[in-house]
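Here the structure comes first, spelled out in structure tokens, and everything after it is commentary.
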Amino acid sequence: MPATDYQGSSAACTNIGRSVQSIRRDQLYAMDGSPTSQEHDLDSFQRQVAERFMDLASVGPDELLSLSWVQKLLDSFLCCQEEFKFVLINHKSQISRPPLDRLVADYSERTVKALDVCNAIRDGIEQLRQWQKLLEIVLSALDNCNHQKTLGEGQFRRAKKALIDLAICMLDEKDSHASAIAHRNRSFGRNNASKDPRSLGHFRSLSWSVSRSWSAARQLQSIGNNLAAPKATELLATNGLAVPIFTMNMVLLFVMWALVAAIPCQDRGLQVHFSLSRNFPWAVPILQLHDRIVEESKKRDRRNSCGLLKEIHQIEKCTRLMNDLADTAQFPLAEEKEAELRERVQELTTVCNTLRTGLDSLERQGGRNYPAPLWSVATMEDMVVQILHFEDLPSSWMLSLEGKRKRLTTWSAIMC
């Protein structure tokens, strides 16, 4: 799929540069030269967004793309959203007038598109839960290793069977090793395992919340289409309010892109191209995070992964080592093999506990009724309704709200 190109946006930002900041300040400054309340609000919003993404970009390689980092990303997103709401509330008299009504309507439509991404991400989180259950089966079968008891061959075969099921679940449909894993599975009398509708290896075509033809990569491209930095004329016409709207658009796009990069979902793709002027204070940390995530995706052991989440990489690594051990094990196990097995079980226990804790935390963040990513974006539309009287909303917003309701209704029906 071709990359979404923001070169036009970059060129516009470059042409505006510092001069536009000066134009906006010249217009918004009071006669005595002191900044107005609106100027202070806009600068404060830009600064706070920048600080939050600088904090996200400051993490080390071991924390980036972990479940704790994803939760931190969503926290930052919600905080940016609240600060954006504050800006709109303070200047709501201007929101319903051109050209701001068009800009906010475009933003509203992007949030509706983001809801589809969140639905797919919710499915991915549920997939992680299924993987966690399979890991628990493995640990339950090998529980005797931690109690210094002799491990029976039957227990070992049960653990190996769960490991193979997990490998199939994590296997992408286009992965070149699919046939090899299926062949290994036949030794346990599961010739039709890959045809099992519960098999997560067929996740792409059996996603619960989106159609079979739906694509996360195309949806991200759609969110980013026609997303350009405001021109000098737009800044003047909107008294600078076009800047926070553009900022939230970019924040929304980046957060959705990062979630798709980290968590398994249907037809993942990272080809969104971020090209931003560094005149925006938040552009540098966002570009840094983008580059780091892209570099992570290019690593040899991550290229064919179903997601860049750190916990997924740890599961892949631990299960691969455990499978290698299982393939060479002979009963009764030698002392050296038993010691190695205990070590692998301990590593797998750590991974399983980390996964469980991270997923539980994400669920608590979003509340019991909505998973965190879906809940975060869903509240964005409600925010607009809170700011303006419902009857004052432009028709395009009304359509966006109707689309949002349909998506949330679909999600609620699935959960019931």
Side-chain angles (χ1 to χ4, degrees), residues 65-74 115-143 158-159 161-173 193-194 196-210 216 258-268 305-319 322 345 347-378 408 410-416:
L65 292 171
S66 64
L67 278 171
S68 61
W69 184 86
V70 169
Q71 183 177 359
K72 194 174 181 180
L73 175 70
L74 292 172
L115 282 173
D116 281 338
V117 176
C118 291
N119 271 321
I121 293 298
R122 186 203 68 84
D123 290 345
I125 292 174
E126 182 60 26
Q127 297 291 62
L128 293 174
R129 279 293 189 195
Q130 297 299 323
W131 300 351
Q132 174 198 328
K133 292 176 183 178
L134 288 171
L135 288 175
E136 289 171 349
I137 291 174
V138 175
L139 293 175
S140 175
L142 300 178
D143 185 57
R158 179 174 175 239
K161 178 181 176 181
L163 286 171
I164 292 174
D165 286 345
L166 178 60
I168 293 174
C169 289
M170 298 180 72
L171 195 62
D172 188 271
E173 285 183 348
S194 60
D196 189 341
R198 296 172 298 174
S199 172
L200 303 186
H202 289 267
F203 171 68
R204 177 174 300 180
S205 59
L206 298 178
S207 179
W208 300 335
S209 303
V210 292
L259 289 174
V260 168
I263 298 174
C265 64
Q266 186 168 303
D267 195 20
R268 293 170 62 248
S305 179
C306 54
L308 298 179
L309 200 69
K310 285 295 180 184
E311 285 77 4
I312 293 178
H313 183 51
Q314 292 168 352
I315 292 172
E316 291 172 338
K317 181 179 178 181
C318 286
T319 55
M322 187 73 79
V345 168
E347 291 173 353
L348 203 60
T349 300
T350 301
V351 170
C352 188
N353 290 338
T354 301
L355 183 62
R356 183 189 305 109
T357 301
L359 293 176
D360 289 346
S361 183
L362 273 179
E363 289 182 357
R364 287 194 299 270
Q365 184 184 31
R368 296 184 62 184
N369 296 326
Y370 296 97
L374 185 65
W375 173 72
S376 302
V377 179
L408 291 179
T410 300
W411 183 88
S412 300
I414 290 166
M415 289 305 293
C416 294

- How far does CD1 of I164 sit from CG of L134, to the nearest 0.5 angstrom? 12.0 Å
- Message: Show the nearest heavy-atom pair for residues V345 and M322, with the distance to one decimal.
- Response: N-CE, 3.9 Å
- Task: Could you pull out all residues at least two apart from S305 that satisfy side chain to side chain contact (heavy atoms under 4.5 Å, CB included)?
- Result: R302, I312, E316
- Message: Could you report the tightest heavy-atom contact between C306 and R268, atom names first, then the distance?
- Response: O-CD, 3.2 Å
- Item | Residues forming a side-chain hydrogen bond (donor to acceptor under 3.5 Å, both in side chains) with T357, sequence neighbours excluded | none
- Can any side-chain N or O of Q127 pair as donor or acceptor with the backbone N or O of P264 at less than 3.5 Å? no
- Query: What residues, two or more places apart in sequence or in another chain, satisfy salt bridge (Lys or Arg N to Asp or Glu O under 4.0 Å) together with K72?
  - Reply: D55
- Of all the heavy-atom pairs spanning A159 and V138, show the shortest one and how long it is. O-CG2, 3.7 Å
- Validation row: Q314, K317 side chains within 4.5 angstrom (heavy atoms): no
- Task: Could you grab the distance from atom CD of E126 to atom CG of D123, nearest 0.5 Å is fine?
- Result: 8.0 Å
- Message: Can a side-chain donor-acceptor contact be found between N119 and R122 if the only test is distance below 3.5 angstrom?
- Response: no
- Item | Exercise: identify the closest heavy-atom pair between I263 and I125 | CG2-N, 4.0 Å
- Query: When rounded to the nearest 0.5 angstrom, what distance separates OG1 in T319 from CG in L135?
  - Reply: 7.5 Å
- When rounded to the nearest 0.5 angstrom, what is the spacing between NE2 in H313 and OG in S66? 13.0 Å
- Item | Side chain proximity check, Q130 to C169, heavy atoms < 4.5 angstrom | no
- Message: Under the rule for side chain to side chain contact (heavy atoms under 4.5 Å, CB included), what residues qualify as partners of T350, not counting sequence neighbours?
- Response: Q346, T354
- Query: How would you list, by chain and number, every residue that makes a side chain to side chain contact (heavy atoms under 4.5 Å, CB included) with C318, sequence neighbours excluded?
  - Reply: E347, L348, V351
- Task: Could you grab the distance from atom CG of N353 to atom CD of Q132, nearest 0.5 Å is fine?
- Result: 9.0 Å
- Which distance, rounded to the nearest 0.5 Å, do you find between the CG of L362 and the OG of S68? 9.5 Å
